[in-house]
Amino acid sequence: MQNPDIARLFDEVADLLEIQDANPFRVRAYRNAARTIRDFPEPIADLVRAGTKDLTDIAGIGDDLAEKITDIVTTGELPLRKQLASKLPAGLLDLLRISGLGPKRVKLLYKKLKVKSGDDLAEKITDIVTTGELPLRKQLASKLPAGLLDLLRISGLGPKRVKLLYKKLKVKSAADLAKALEAGKIQKLKGFGPKMEEKIRVGLGQVHVGERRLLLNEAETQATAIVAYLEAGGGLRQIEVAGSYRRRRETVGDLDIVVTSERESSAKVMDRFVAYGDVAEIISKGETRATVKLRGGLQVDLRAVEPDAYGAALLYFTGSKAHNIELRKIAQEKSYKLNEYGLFKGTRRAAGKTEQEIYAKLGLEWIPPELREARGEVALAREHRLPNLVDVADIRGDLQMHTSATDGKGTIEDMAHAARALGYQYIAITDHSKRVTMALGLDTKRLREQWRAIDELNAHSRGGGFTILKSVELDILESGKLDLPDDVLAEADYVVATIHYGINQTEKELTRRLVGAAEHEWVDAIGHPTGRLVGKREPYAFDFEALCRACTATGCLLELNGHPERMDLPDTLAAAAKQHGVRFVLSTDSHQPGNLPFMKYAVYLARRAGLEAGDILNTRSLEEFRAALKRAARGGKGRQ
Ligand SMILES: [Zn+2]
């Protein structure tokens with residue numbers, strides 16, 4: 001049992017409690033427990049088994065939770081979860097896995113529409129599509145996920161076509177519609193055709209009930225554990241986890257592991273693989289390939305390939321599909337054939353051992369996996385113009401983190417201590433400002449007290465080569481005003497402004513708030529700029545270009561927030577911002593010292609966006625960082 005598996009059970013308890021209208025504090029307690037466990041740096045199951053560490057020593061875990069964790073590790077189940085789940089229809093938990101459908105929305109669907117499963121939901125959507133209206137639509141509209149409303153708008157699917165689908169194909173639900181689509185019946189209907197088929201496919205895809213994709217850090221926990229397990233068995237020469245995991249996408253659907261083994265030992269590797277402790281189901285097993293499903297639902301594929309084909313297999317299984325298609329096209333132009341076994345001229349393998357030699361034969365520089373998305377990287381590789389991507393080792397400071405003064409779980413010293421251990425030169429303590437009452441946000445008085453404490457800590461360690469920056473995560477209020485007065489902001493070393501409330505305002509209002517903050521003289525950066533929560537909440541609707549223009553004009557920075565639940569800016573937007581000439585800061589939004597290593601996720605995001613160290617201000621020394629801030633030009637008092 002890995003930490004994400006344990007965390008998932010607690011998350012489900014929180015979901016189930018929320019659907020059943022339990023006390024919100026109780027819901028929050030389980031939610032926080034899930035986060036603490038998910039983000040905990042060591043495998044908790046090992047701690048329980050070793051019995052050497054008292055779980056209650058972990059911040060946020062009391063006696064009750066410690067007992068529940070021990071139950072989970074020893075029995076694989078949480079009795080409370082079972083008990084809660086038994087009171088609700090079984091399909092409801094599946095609904096929770098639909099991206100965008102959180103417990104609040106599931107509760108509404110269940111209570112108001114009697115939606116109990118994915119099929120029910122599909123049917124209701126069909127009702128909406130058929131009649132064009134649903135009595136509760138208005139009431140629900142603001143609370144429904146974007147995907148549902150998109151379906152409503154599957155353009156061209158008006159009442160007439162729905163009637164046809166029903167009469168000719170007996171399509172009564174979205175599920176039926178999907179089946180008809182699969183069977184190729186739709187495009188044969190009069191008035192439909194391939195274009196309409198594609199539209200429906202896209203629309204249906206958005207409500208597809210499937211396994212939840214893992215957050216990148218959850219996938220990493222699983223991948224690291226399984227690779228360590230396979231390596232411990234011996235007989236391996238090379239091992240790599242390919243797929244979207246290797247491309248460091250913010251979510252991962254399954255794991256594709258590619259290995260080469262010592263002579264004759266691939267069957268042994270397969271045996272060991274399917275005997276892995278977290279395997280719930282062996283889907284298939286052969287001499288060179290096996291597929292299993294882990295307890296948390298994650299599918300893992302293992303392929304053993306011959307050393308001469310390792311690079312080709314890695315390339316093939318890393319993807320993306322679109323990238324591979326571009327490579328195959330180039331191969332064809334050079335009269336090669338590229339597949340998972342190698343690059344062939346006729347029957348002769350011209351390359352395959354490493355990715356580098358395959359790219360080289362195609363006349364390309366080796367392309368880092370994070371860039372393999374068919375977004376222009378192949379052309380850059382041909383012209384030897386690939387960016388020199390930023391690396392974790394380039395980062396000298398972390399610019400968003402919270403302490404126990406608000407919703408974090410460590411003191412300023414705890415955070416500083418952990419940051420020094422990572423080799424940083426500086427950190428910014430960015431507790432919430434007062435508007436975020438839920439997190440006990442700081443008012444002027446408490447913030448100034450915190451800054452005095454920081455001054456003292458810095459004075460004590462002067463010459464130690466480490467500095468704590470006086471900062472704040474400043475709320476951009478619904479009105480567009482900032483949550484703290486200018487004279488206070490002027491005293492800070494660095495201010496990151498963010499939106500937490502009023503996220504459903506109009507595009508115009510949201511744009512005005514963000515642009516206004518970016519233009520404010522004491523705002524140095526906009527934090528988690530789109531507000532997206534991976535798999536849970538889409539970016540807010542605002543004019544991103546307008547924000548970029550404001551940032552370039554004023555020198556305001558955009559944050560790449562590497563918290564695995566945020567990963568904000570999304571990679572494509574970060575790439576677009578770079579085109580505008582925007583500069584960036586990377587941060588972890590840590591809520592405990594153990595979160596600071598999340599910096600790698602911010603770096604992955606930056607790499608996927610094609611960013612170099614020069615694009616990112618916290619790759620610079622403290623002096624250079626300070627000098628490059630907008631406030632430096634204004635003579636901010638925070639400078640020493
Ligand atoms: Zn925030």
Side-chain angles (χ1 to χ4, degrees), residues 3-4 6-11 13-14 24-44 47-48 53-70 215 217-218 221 397-422 424 427-434 436-442 446-447 449-451 453-454 457 468-473 475 496 498 500 527-528 533 561-566 587-602:
N3 293 353
I6 303 171
R8 185 177 44 84
L9 292 173
F10 282 107
D11 258 335
V13 165
F25 289 100
R26 202 170 160 218
V27 175
R28 258 177 94 74
Y30 283 106
R31 207 65 79 215
N32 289 338
R35 176 167 297 137
T36 303
I37 295 161
R38 184 177 297 113
D39 297 345
F40 194 71
E42 296 162 65
I44 287 183
L47 298 182
V48 170
K53 181 165 172 149
D54 188 350
L55 291 182
T56 56
D57 289 347
I58 301 174
I61 294 184
D63 289 334
D64 178 57
L65 282 176
E67 199 176 306
K68 290 197 166 73
I69 292 170
T70 310
L215 296 177
N217 69 324
E218 298 175 298
T221 306
D398 189 336
L399 292 166
Q400 185 172 169
M401 66 189 66
H402 300 262
T403 73
S404 44
T406 59
D407 57 351
K409 288 200 189 89
T411 61
I412 301 169
E413 284 131 300
D414 294 338
M415 301 309 283
H417 183 75
R420 292 180 86 133
L422 293 176
Y424 288 154
I427 54 170
I429 297 292
T430 58
D431 274 313
H432 289 288
S433 61
K434 61 184 195 290
V436 188
T437 45
M438 217 169 58
L440 297 172
L442 304 179
R446 287 178 64 214
L447 184 60
E449 275 166 25
Q450 186 182 65
W451 287 353
I454 289 176
L457 287 169
I468 305 166
L469 297 174
K470 290 176 283 183
S471 185
V472 65
E473 182 179 0
D475 236 64
V496 55
T498 57
H500 293 104
H528 48 74
L533 295 175
N561 188 306
H563 196 288
E565 291 169 36
R566 289 197 179 270
S587 80
T588 59
D589 210 342
S590 286
H591 283 69
Q592 48 167 297
N595 289 166
L596 289 173
F598 285 170
M599 186 56 82
K600 63 184 161 191
Y601 304 116

Practice item. Using the test salt bridge (charged side-chain N to carboxylate O under 4.0 Å, His left out), find all partners of Glu42 that sit at least two apart in sequence or belong to another chain. Key: none
Practice item. Can you sort out the partners of Ile454 under side-chain contact (heavy atoms from CB on, under 4.5 Å), two or more places apart, ordered by chain and number? Key: Ile412, Ile429, Gln450, Trp451, Asn458, Ile468, Lys470
Practice item. List the atom of Ile427, the atom of Ala416, and the distance in Å for their closest heavy-atom pair. Key: CD1-CA, 3.8 Å
**Study point:** All ring-ring contact (aromatic ring centres under 6.0 Å, His included) counterparts of Phe598, not counting sequence neighbours
**Key:** His563, Tyr601
Check your understanding: Using 30° and 60° as the class limits, which term best fits the ring planes of His591 and His402: parallel, tilted or perpendicular?
Key -> parallel
Check your understanding: Is there a donor in the side chain of His500 and an acceptor in the side chain of Glu473, or the other way round, less than 3.5 Å apart?
Key -> yes
Study note, to complete from the structure: Rounded to the nearest 0.5 angstrom, the CG-CG distance for Leu469 and Asp398 is 11.0 Å
**Study point:** Straight-line distance of Phe10 CZ to Thr36 OG1, nearest 0.5 Å
**Key:** 10.0 Å
Point to revise | Gap between atom CG of Asp39 and atom OG of Ser590 - 0.5 Å precision | key: 9.0 Å
Check your understanding: Checking Thr56 side chain against Ile61 main chain: does a donor-acceptor pair fall under 3.5 Å?
Key -> no
Study note, to complete from the structure: Ala405 and Arg446 have their tightest heavy-atom pair at O-NH2, 2.8 Å
Check your understanding: Which distance, rounded to the nearest 0.5 Å, do you find between the CG of Asn561 and the CG of Asp589?
Key -> 4.5 Å
Point to revise | More than 12 heavy atoms from other groups under 6.0 Å of CD on Glu449 | key: yes
Exercise for review: Using distance alone, with no hydrogens and no angle criterion, decide if Thr588 and Asn595 have a side-chain donor and acceptor under 3.5 Å apart.
Suggested key: no
Check your understanding: Can we say Asp11 and Arg38 salt-bridge, meaning some charged N sits less than 4.0 Å from an Asp/Glu carboxylate O?
Key -> yes
Check your understanding: Taking only residues two or more places apart in sequence or in another chain, which ones pass salt bridge (charged side-chain N to carboxylate O under 4.0 Å, His left out) with Asp414?
Key -> none
Exercise for review: Working to the nearest 0.5 Å, report the span between CD1 of Ile69 and CD of Glu67.
Suggested key: 11.0 Å
Check your understanding: If you take all heavy atoms of Gly397 and Tyr424, which pair is closest and at what distance?
Key -> N-CD2, 3.8 Å
**Study point:** CG/Asp63: more than 12 non-hydrogen atoms of other groups inside 6.0 Å
**Key:** no
Point to revise | Side chains of Asp431 and Thr403, donor plus acceptor under 3.5 Å | key: yes
Review point. Among all residues two or more places apart in sequence or in another chain, which pass the salt bridge (charged side-chain N to carboxylate O under 4.0 Å, His left out) test with Lys68?
Key: Asp64
Point to revise | Set of salt bridge (charged side-chain N to carboxylate O under 4.0 Å, His left out) partners for Arg35, sequence neighbours left out | key: Glu565
Exercise for review: Working to the nearest 0.5 Å, report the span between NE2 of His528 and CZ of Arg566.
Suggested key: 3.5 Å
Practice item. Of all the heavy-atom pairs spanning Ala602 and Ser587, show the shortest one and how long it is. Key: CB-O, 3.7 Å
Revision key, fill the gap. When every non-hydrogen atom of Leu399 is compared with those of Thr430, the smallest separation belongs to O-CG2, 3.6 Å
Point to revise | Shortest non-hydrogen contact from Ala418 toward Pro593 | key: CB-CB, 3.8 Å
